[in-house]
Each structure stands twice: as C-alpha cells, then as structure tokens.
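Down below is the structure, laid out as structure tokens.
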Number of protein chains: 2
Amino acid sequence: MKGTPVTIKDIAKALNISVSTVSRALRNMPEIHPNTRKAVMKLAETLDYQPNQLAKNLARSATKTIGVIVPNLSYYFFSAALSSIEDEALQAGYSVLVCQSNELHSREMINIQNLLRGQVEGLLISLARDTDDCAHIERLLQKNIPLVLFDRHVNHLDAAKVIVDNHAAAFKATEHLIEQQCRRIGFLAGPPNLLISSQRLAGYLAALEKHGLASGPEMVFHCDYTPENAVAQVLAMTRQQPDGILTVSDRVAFPAINALKKAGFRIPDDLAVVSFNNEPNCEFLTPSLSSIEQPIEQMGRESVRLLRQQMETEGELLPKTTRVFDTRLIVRESSLRNN
Amino acid sequence: MKGTPVTIKDIAKALNISVSTVSRALRNMPEIHPNTRKAVMKLAETLDYQPNQLAKNLARSATKTIGVIVPNLSYYFFSAALSSIEDEALQAGYSVLVCQSNELHSREMINIQNLLRGQVEGLLISLARDTDDCAHIERLLQKNIPLVLFDRHVNHLDAAKVIVDNHAAAFKATEHLIEQQCRRIGFLAGPPNLLISSQRLAGYLAALEKHGLASGPEMVFHCDYTPENAVAQVLAMTRQQPDGILTVSDRVAFPAINALKKAGFRIPDDLAVVSFNNEPNCEFLTPSLSSIEQPIEQMGRESVRLLRQQMETEGELLPKTTRVFDTRLIVRESSLRNN
DNA sequence: TTGTATGCGTTATCAT
DNA sequence: ATGATAACGCATACAA
C-alpha cells in the first residue's frame, strides 16, 4: 500500500477552498491572501504534499527535461562532461535524461525516439562513431527541436556545436614532438570516418609540412579504439621506424605504449609519445603520458547554455552558434627527452 | 514553429471516428475492426503521430521510469554498472533517469526529491561516501517506494541489496599476498565510515589472523580517495616497512604505486600490491596491477531485476532480498614474485 | 482575493 | 465494434 499521494484537491477539501486557490498559494502567486497561503503551505507541509510533475508538465506542456546521448559513459571524456552538464542543468531547473548509443547509429536513433516520446525539451548529442548518415539529426533540425552537438559532430550539419580545435591541438602536439628532435612521427588515428580523428590527422600533417618533414600515408595507422587493435596498429607502425608517435586518444595510447615497451622500445628516448584527452591516469603511467587537455567542464556547461538559449526563446530561429574551445598540451615524461 | 504535434484527436477527426477507437486501434486491442485499425495505423504513420508519454503516464499514473543515483559517473565502477543497468532497463521498457550525488549526503537527498517529483517508479541507489544518516532512505522504505541499494549500502538498512562479498574478496587477496611470501602486509583503506572499506578491512584482518601474522592498527591507513591523500597515506605506511599492500580501490592504488616507485620501492619485489575493481587500466600500468574483479555487468542487471520485482508486484510486500556476488582475483605483475 | 470552468493528451468505464 | 464521457493532477482564463 503506497498510500494514495496527496493532491491539491485533498488540500482544497480539507481547507474548504478551491483547488485553484491552493494551486496559486503553492506557487506563491502574489494575489492570494497571506493567511490562506500560510494555511495552505502548512497543511501541504504536514501532509507531505508532493506535486505531481507529470500533471504539471501536461498542463503546461513543458517538461523541464533535457536529453543527453553519448557514445559511452565509461569513456572518461563523456562521464566527466556529463558531471558538469548535469550540474549546470540542475542549477537551471532542468532534469537530465541520459542515454548511451554504444557507438551504434541504430541505438542512437532509438534513443532519440525514446527521448522525444519522453518529452524532453532539448537534446544534447555526441554522435556515435558509427554514425555516417545524419538523416535522423537533420530531421530534428527540421522539426526545430532544440539541439546541441557536443564534441562528436559532422561538418555538414548546420547545428549548434560545442567542440575543440582539434586541428590546432594536433598541430601543437606534433610541433612539440618535432622540438623534441623527432623526425619520423607516426599518427595512431581512429576510424577514418570519425571527424575528430581526421581533424587531428590534418593538424598533424600541417605541422609536419610546416617543418618540412616527410609525411605520407605510410606513417598513419587507423585503429578502431579497441585495445587489441590499437596494439596491432602501433606494432605495424614500428616497421616504419618512427621516432615519435601522436595517438588519437589516451584510450588507445595506454595499450599501445604498453605493447611498445614490451617490444623493447624505450619511451621517450626511442619513441616519444603524445596523446589526446589527458585522462587522470596519464599521470600514473610509466613513463607518465603527455596529453592534450580539453576543457571538459567548460564544454559541458557551455553546451547546456546553448541548449537553454534555444529552448527558452520561443519560435524565433537562433543562429547556429559553434563554440570552439582551445586545448592545452600537458607535457610529461613520455615526450620529454634529455636533449 | 514547432508545428503542433498531432494527437489521437486529430486522427479521430480526420477519420470521423471517436478518440477511444483510435486509442484502442493504436494499442492493438483485440476488439476493434481490422479495417479501422488499418486506417488508423496508416494515418498515424503518414501524420508521424507521436504519442504523448506525459499524458499516457498521467492517465495510467505510471511512468515506466527508474531513477539511478550514483556517487560519481567518472568512477569506472559506476559508469560500467550504468551501462548494463540502462541496457537491462531499456529492454524491459523502462527509461532511466541518472543523478550523481558527488559523494554528498545533501545532494543525495535533493536527488531523491527530484526523482520522486519526476515520478520515477523505483530507485536504484549507491550511497554517497558522505552518507551516515540514512533517515532519507528509511523514509523511502516506509513509503514502500521500490528501492534497491547497489554496491554502497549500510548494514542496518532492511532494503533489497546487490553487493559483492567484500570480506571474502579481501581475504582472498590477502592470502594471495601471503602466498607470495609477504609477511608485513599493510592495508590502504578508504574512509572508516565507508562500509565496503571496513568489510575489506575485516577480510584482510581475518586472513592475517588465520596465517598467524601480526596485525594491528599500525598497518592500516585510511585515505579519502583523493590521489594526494592516497600518496600521503601510503608513504606514511612505508615507515612501517610493509612488504605487501592491499589497497581499497584502483583509484587509490594508481597514485600510490606511482609514489612508491618514485620513492625507490621495487614492485613486486620490495612491495607486492593487490587492489580492488580491476579497472581496464590495471593492465597498462608498470608493473601491471593485480586486482579484484567484480561482476559489474551482472550486478547492474540484477539490480534492475530486483527493482522490477518490486515495481511490478502491486501491494504485497516482498522479502528484501540481498544478492551477494562473488569476485575474482586477477593476478598480474604487481603481486607476482619470482619465488 | 477567490472560485468556476476548461484544457492538456491519453486511458478507462460505461453504454450502445 | 464503437462512442460518450469521466478521470489523471494541475494550470489558467474568465468571472465574481
């Protein structure tokens, strides 16, 4: 017996007033008499009245809820981002509904369907690695559903975005390797269709070119982000005799470095390594791992702000702002040679 | 212009039938005529009808949503657990509302309030480290709100629980260290009030006692899970000249081992280490880290199942089952000595 | 300042 | 097999 929850009707009956008065009192509307308000408040308190959000939402047709879809919460980047997203949303009075796509385009579509059924007012999406066809996203844009793309996006979509300057970051990281006397620098990339990966690839190539260093596809190896594949690809790369490696993510750098060490390479002396994401554990590896830090918390907060802008301005179409954040190279042992 | 969403009323009007017929057709009720059903379905399709979940829920007073509260999603254990929780819930037709307590008792209470307002039908909670006073949980139990405590619980609460046998796990890990010829084994524990930590402490002490090894409070050091504090405590421990260390979690083991290595200790030869959680990165440390593996996915799924049992059996009080899972010690380099 | 009536979109209970 | 109509709990325009 869950004990029928108390409603404003119960309060109204007990106080011999109308439900509308109770409703107004509860919401602190100015027009109602201090005494009645006090009485209502008090009774609500003692009865432990809990407003039914469902009814509230239905009546106002507004849910104060945003939906978030990320590829996988066990990736550091996304779980960290979600912390700030949730925080920012809660402060603004929104609830957060979280889904994982598991990097699957199909799951992403299902999630979107579910969230819209659940009546979220806006969507914060970081696309699945699997996602090439963005028809489902374009449908959202057409329907004018508030939407912010976060980190994982695609270029041709005209949506609000919160991203980092991956090109500049990779450029910076590569130049750092060059400064450390690396002359044959390899790139352990992600899947070719993953935008952040290809942007980093472009930045890497640009840096090589600027410094007149040979650069060809023979130094670029794509992996699918699994540890096994990362190891296989980086070992394949060693046949090209690199003296420096840029990896697309700490998640692939960790197993790759481990394999390199086992294969007898000394890091950073034989092979200097710089990575992306600056996960907390970078510090605890041996050698500690140099990595590109992204302002995750800021990015999370900014995403929510952009989304609120869209949700809270009725009708009028906002320009699709793209917020690009800068990154910071954290230099650690893996790329610091005693020159 | 978001274009007013189409409702069953629209469909009814267009087809010149009543809303109830439409409603029934849409829900595949047996009594309605195949032809009308077909017509309704077809029109719903072409009009891209999306049922309003809010109204549905209000009418049935059922939300098909469960709330999950975890201390922090950027802890591997919880993000991994959430993956399976979400999966299992989705399969059963439930949505998942996720909140983080940030290890704060106060935030935990707010989250519970919010979730109940949002009309979740059940709650899956992993208590904040901060939580001593469980009055808020007991209130849920009294109100008979479906609830499952997950991993982080407290003994005196009579609630459904999904946990691991921490005592046995610590016992097993400690015996392994003893087999590796460790004779002075320290325990880098969590905060004293954290149940999983004190259970592990008890298992550790029991193993020492069984093997007739000295054990006193001078070998137990509590840390607050921050890297800095973990380092400070483990360095303090070294003054007791341990030859083996059990750590309460990989999260504290990573920085601790790093500090030990910097302080000149060889692992495992001077100091063998076993930890808890078996995070993926255990494998990529140098030396790789021995750790207790918990069946996270199974635990997540089982939690949802237990919760569904409660949610889906009206009224009758179910016994508060406690499901205890076994763990597995994954032995790696950090505790493997060449005897 | 308060009450009445109606609507939000759907389900459920009567009828027919 | 279908239709009216009343819930569900709250908000709100309009009256009083």
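Chain naming here is simple, since letters A, B, ... match the order of the sequence lines and numbering starts at 1 in each.
Here the C1' atom of nucleotide dA11(D) and the CE atom of Met29(A) are 8 Å apart, to the nearest Å. The separation between Asn52(A) atom CG and dA11(D) atom P is 10 Å, rounded to whole Å. Rounded to an integer number of Å, the gap from CD1 of Ile8(B) to C1' of dA4(D) is 13 Å. One interatomic measurement links the two molecules: CZ of Arg27(A) to C1' of dC10(D), which rounds to 8 Å at whole-angstrom precision. Rounded to a whole Å, the NZ atom of Lys64(B) is 16 Å from the C1' atom of dT11(C). When the P atom of dT11(C) is taken as reference, atom CZ of Arg24(B) falls 11 Å away, rounded to whole Å. We find that CG of Asn35(A) is positioned 11 Å from P of dT1(C), with the value rounded to whole Å. Between the P atom of dT11(C) and the CD1 atom of Ile32(B) lies a distance of 14 Å, rounded to the nearest Å.
Counting atom types as modelled, Ser20(A) pairs a side-chain N or O with a base atom of dT4(C) as donor and acceptor under 3.5 Å.
Using the six-membered ring where Trp is involved, Phe78(B) and Phe150(B) have ring planes that are tilted, between 30° and 60° apart.
We find that Arg305(B) and Glu302(B) are joined by a salt bridge, their nearest charged nitrogen and carboxylate oxygen being less than 4.0 Å apart.
The residue among Ala59(B) and Pro34(B) whose nearest nucleotide of DNA chain D is located toward the 5' end is Pro34(B). Judged by closest nucleotide on DNA chain D, Asn16(B) is the one of Asn16(B) and Ala55(B) placed further toward the 5' end. Ranked by how close their nearest DNA chain C nucleotide is to the 5' end, Val19(A) and His33(A) are led by His33(A).
Among the atoms of the strands shown, only primed sugar atoms or phosphate atoms (P, OP1, OP2) are found under 4.0 Å from some heavy atom of Ile17(A).
At dT2(D), none of the side-chain N or O atoms of Thr21(B) fall inside 4.0 Å of OP1 or OP2 (strictly under the cut-off). Taking only side-chain nitrogens and oxygens, Ser18(A) never comes nearer than 4.0 Å to OP1 or OP2 of dT2(C). Checking the phosphate oxygens (OP1, OP2) of dT2(C), a side-chain nitrogen or oxygen of Thr36(A) falls inside 4.0 Å.
If you check the side chains of Thr65(A) and Glu121(A), you find no donor sitting under 3.5 Å from an acceptor.
Of the candidate nucleotides dT11(C), dG9(C), dA11(D), dT11(C) has the atom nearest to the side chain of Ser23(B).
With Met311(A) as the partner, the side-chain contact (heavy atoms from CB on, under 4.5 Å) test is satisfied by one option alone out of Leu306(A), Val120(A), Ile66(A): Ile66(A).
Of the possible donor and acceptor atoms, one in the side chain of Arg152(B) sits under 3.5 Å from a partner among the backbone N and O of Leu127(B).
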